[in-house]
Amino acid sequence: MEVSRRDFMHIAAIFGLGVASNAFGGGIKQASDIKLEDIYDFKDTGNITLLHMCDMHAHIKPLYWREPSTLISAPNLVGTPGFLCGESFAKFYGLEPSSLDAYFDTYIDFVSLAHKFGKMGGIAHMKSVIDYVKKARGKDKVLLLDSGDTWQGTGVALKSKGEAIVKAQNYLGVDVMVGHWEFTYGKEQVKNLIDKLDGKFISQNIVGDDPFSDEYEELIFEPYTIEERGGAKIGIIGQSFPFTSTANPKEFTQGWSFGLRLDTLQEYVDELRKEKKVDCVVVLSHDGFSVDQEVARRVHGIDFILSGHTHDPAPKPIQINNTVIVIAGSHGKYIGRLDIDAKDGKVRDYEYKLIPIASKLIPADREGERLVEKLYAPYRKELNEVLGKTKGLLYKRDTFFSTFDQLINDAIMDEMGCDISFTPGYRWGTTILPGGNILMDNVYEMCGITYPNVYTFELKGSKIAQLLEDIADNVFNANPLYQQGGDMSRLGGVTYSIAISNPAGKRISNLKVGGKPLDPNKTYVVSSWGGNLQKAGSNLRKNKIRPVYEIVRDYIKKKGVVDVSNEGNVTLLDYSCGCPKKGKKSC
Amino acid sequence: MERREFFKTVGAVAAVSAVLPTVSFAKSGNPNKMDYKTAISAVTNGKQPKMSDKVKLKVPEIAENGAVVPVTVIVDSPMTPQNYVKSIHIFSTKNSNARCLDTNLSPANGKAMVATRIKLNGTQEVIAVVELSNGEFLMNKKSIKVTIGGCG
C-alpha cells in the first residue's frame with residue numbers, strides 16, 4: 001500500500017480503529033498498544049528535512065497541556081486555521097475521537113485521555129525523535145529550526161536568566177532561531193545568551209532606532225542565513241515577533257524597533273533567489289499563524305513559512321499562493337517534520353507531519369534526563385515544594401477565562417483587596433489534573449516573567465471601559481495584521497457581555513464590577529501584572545507592589561486545597577459556543 | 001550606501017522646507033485648528049487629490065510608541081525640471097492638529113522622499129498628499145493602530 005501524504009491522518013485512523021474495536025471487545029486500549037513506529041512513520045521525500053519547534057516556553061520536562069475550549073475571533077476568521085478548536089478542529093482535520101491526536105490537539109475528554117496517554121513534550125523525548133530522524137535521513141540532510149518563545153516560561157528559565165534553556169537547545173541541536181519572549185531578559189542578556197547558543201539567531205525585522213547609537217537604522221541581527229543540506233542551498237530568513245515592543249515592556253528593547261517590515265522581507269526573498277541562487281526560501285517566523293497567512297498573500301517567492309507565536313497545532317500545512325505554512329503547537333508538545341525536494345532553485349515536492357511528543361510512547365534519551373536533572377538541581381528545593389492541591393482541572397488558554405487565571409485573580413484580589421484584577425491573556429502556562437498537587441514549579445509555569453510585579457492603583461470607570469475595548473480590538477480585529485496574537489485579559493471582580501462582530505469600541509456591554517453596573521465617573525482600585533496598565537492609572541500603592549508568583553504561592557498555601565469554578569465571567573453575545581465552525585455562529 | 005544618501009536627502013528636504021513655508025494655509029485661517037479634510041483642501045486649493053500607488057507611504061502597522069511614529073513618503077517621480085514633486089504633506093485624521101508635515105521640494109532634491117516622526121493621539125489614518133509640478137495632486141493613506149498593547 002502506498003502511504004498517503006497524510007501520514008498523520010493515517011495514524012489517526014489506526015488509533016481510531018483501536019477505539020472502534022474497544023467498543024466491541026471491551027476493555028481500555030492502553031497507550032502501549034500504539035507503536036512507536038506509528039509515530040515515526042513517514043514517507044521520506046526529497047533531499048532536505050526541516051525539523052521545526054516553536055513556543056516551547058522553556059518546558060524541558062514533559063507536562064500536561066490542554067488546548068483551548070474557546071477560540072473566538074472576528075467572523076471572517078473564525079473556523080479557519082489559527083481559529084479552530086475542539087470539535088471544529090477535530091472535524092476540520094478529521095481526528096478520531098479519543099485518539100492520541102485528539103488528546104494532543106483538542107480539549108475534548110482531556111482528563112481521561114491524560115490518564116491514558118500521559119504527559120507531553122520534554123527535551124529528552126524530543127531528542128529521541130530528532131535523533132531518530134537524523135539517523136533515518138542522514139545528519140547531512142537535517143536542520144532543526146526554532147521559531148522562538150523558547151527561553152521563557154518556567155522557573156528554571158527565569159532563575160537562570162534563560163541560560164538553562166540555551167543549554168537545552170544546544171543539546172537538542174537547534175541550528176537557527178528567532179525570538180519574542182527571549183527579549184524580556186533585556187538586550188544585554190539576549191546578546192550573552194546568543195553567544196552561548198551553538199545555533200544562529202536571525203531577524204530581518206529588528207532595526208536600531210536610537211539616533212545616538214551606532215546601531216541606528218542598522219540591522220541588529222543577521223537577517224538571514226544560508227544553510228547547505230542534502231546538496232541544496234536553503235535560504236532561511238528570520239522574522240522575530242513584530243509587536244515585541246508593544247506587547248512587552250519597551251525598556252527591555254529600548255533602541256530596537258520591531259514591526260513586520262514586509263518590504264524588506266520581500267527584498268531579502270528576492271536577494272536569496274536572484275543573487276544567492278538558493279534552492280528553497282524559508283521564513284522562520286514568530287509572526288503568528290494568521291499573520292503569516294497574510295504575509296504569504298503580500299510577499300512573493302517564499303516557499304515555506306515555519307510559523308510560531310499563536311500556539312496552533314496544525315496537523316496539515318496550509319498553502320497560500322505558492323507558500324506553504326506550518327506551525328508546530330506549543331510547550332514542546334510537537335516537532336514538525338518537513339521533508340523537501342528542492343533542486344535548481346525550485347521546490348518540487350514536500351511532505352509534512354506534526355509529530356506528537358507522547359512521553360509514554362517515545363522513550364526518553366538518557367542524556368536528556370540527566371541534563372534536566374542537572375539544570376533543575378540548583379532550584380530543586382524551591383521548585384518541587386508542594387503548595388497545595390487542586391480539586392478541579394487547572395488549565396490556561398481560552399479566549400476569555402481559564403481556571404488557572406481565575407486562581408491567580410482570586411489570589412491577587414484576596415491580598416490586594418482591589419475591586420478589579422487584570423491578568424494577561426498569555427497563551428503559555430501549564431495544566432494540572434483534578435486532585436493534583438500544585439508545585440511552586442507550576443506557579444512559575446503560569447507567571448514566571450522578568451517583570452512579575454502586581455501593581456495596585458486607581459482607574460476611572462470610563463477609562464476601564466475604554467481599556468477593555470482597546471484590548472478587545474487587539475484580540476478580535478478582523479485584520480490579522482492588527483492582532484497581537486494573545487487572548488483577552490482575564491478580569492477578576494468583573495462580568496461583561498461581548499459582541500465580537502460589533503465595530504471597534506462598541507463590543508462590550510453590561511459591564512459590572514462586584515455585581516453592580518460600572519460607574520464611568522467612579523474611581524476603582526485595580527490590580528494588574530504583566531502589562532502596563534499601571535501607567536494609565538493614578539495613586540499607585542507603592543507599598544503593595546509584589547511579584548505575582550509570591551502572591552499566588554502564599555494564597556495556595558493558605559487555602560491548602562483550591563476549588564476554582566469553571567464558570568466564566570464573560571457572556572458571548574454573537575456566538576453560541578467556544579469553537580464555532582467557519583461562517584457559523586455555532587458549532 | 002543608499003541609506004546614507006537617503007539621510008542626506010532628508011536633511012536637504014528639511015532645509016528647503018525651513019526656508020520656504022507653505023503659503024496656501026495663510027489664506028485659509030489657522031491651519032492648526034482645521035479638521036483634516038479642510039486642511040487638505042487648504043493645501044490643494046480645493047482640488048480633490050487622486051489616490052495613487054505612485055505615492056508610497058511606509059508606516060508601521062501598529063505604532064511602537066504613539067509619540068514618535070516613523071513615517072516615510074516616497075513618490076515615484078523622475079524629479080526633472082519638467083516633471084517633479086513640488087511638495088509632500090502629511091496629515092492625520094484624528095489628531096487635534098491634523099497637519100503633521102509640509103515640505104517643499106525641487107528637482108535638485110534628486111529623489112522625492114521625506115522621512116519624519118509624527119505624534120498620533122490614537123488609532124487613525126495617516127494621509128500623504130503630494131503636489132506635482134503640473135499642478136496635479138496625488139495622495140495615499142494608511143491606517144496605524146495606536147494601542148496600550150498587552151498580550152503574549
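Numbers restart at 1 for each chain; the letters A, B, ... are given by sequence-line order, proteins then strands.
Taking a cutoff of 4.0 Å between a charged side-chain nitrogen and a carboxylate oxygen, B:K145 and A:D473 qualify as a salt bridge.
Counting only distance, with no hydrogens or angles, the side chain of B:E64 and the backbone of A:F258 share a donor-acceptor pair below 3.5 Å.
Residue A:D470 comes nearest to B:V146 through the heavy atom pair OD1-O, 4.4 Å, listed as atom of the first residue, atom of the second, then distance.
Around the NZ atom of B:K56, the shell of radius 6.0 Å holds more than 12 heavy atoms that belong to other residues, nucleotides or ligands. For A:K250, the NZ atom sits in a packed shell: over 12 heavy atoms of surrounding residues, nucleotides or ligands are nearer than 6.0 Å. Annotation for A:D214: atom CG does not count as buried by contact number, only 12 or fewer foreign heavy atoms lying within 6.0 Å. Within a 6.0 Å sphere centred on NZ of A:K187, other residues, nucleotides and ligands contribute more than 12 heavy atoms.
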Set out, in order, the CA-CA distance, both residues' side-chain angles and the distance that settles side-chain contact (heavy atoms from CB on, under 4.5 Å) for B:R117 and A:D209, then state yes or no. CA-CA 11 Å; B:R117 289 169 180 227; A:D209 72 347; 4.0 Å; yes

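The distance from the CG atom of A:L481 to the CD1 atom of B:I62 is 8.5 Å, given to the nearest 0.5 Å. Taken from CG in A:L262 to CD in B:E61, the straight-line distance is 6.0 Å, to the nearest 0.5 Å.
Residue contact with chain B, scored on non-hydrogen atoms closer than 4.5 Å, involves the side chain of A:F243 exclusively. In this structure, chain B has no heavy atom under 4.5 Å from any part of A:T244. There is no contact between B:T123 and chain A, counting heavy-atom distances below 4.5 Å.
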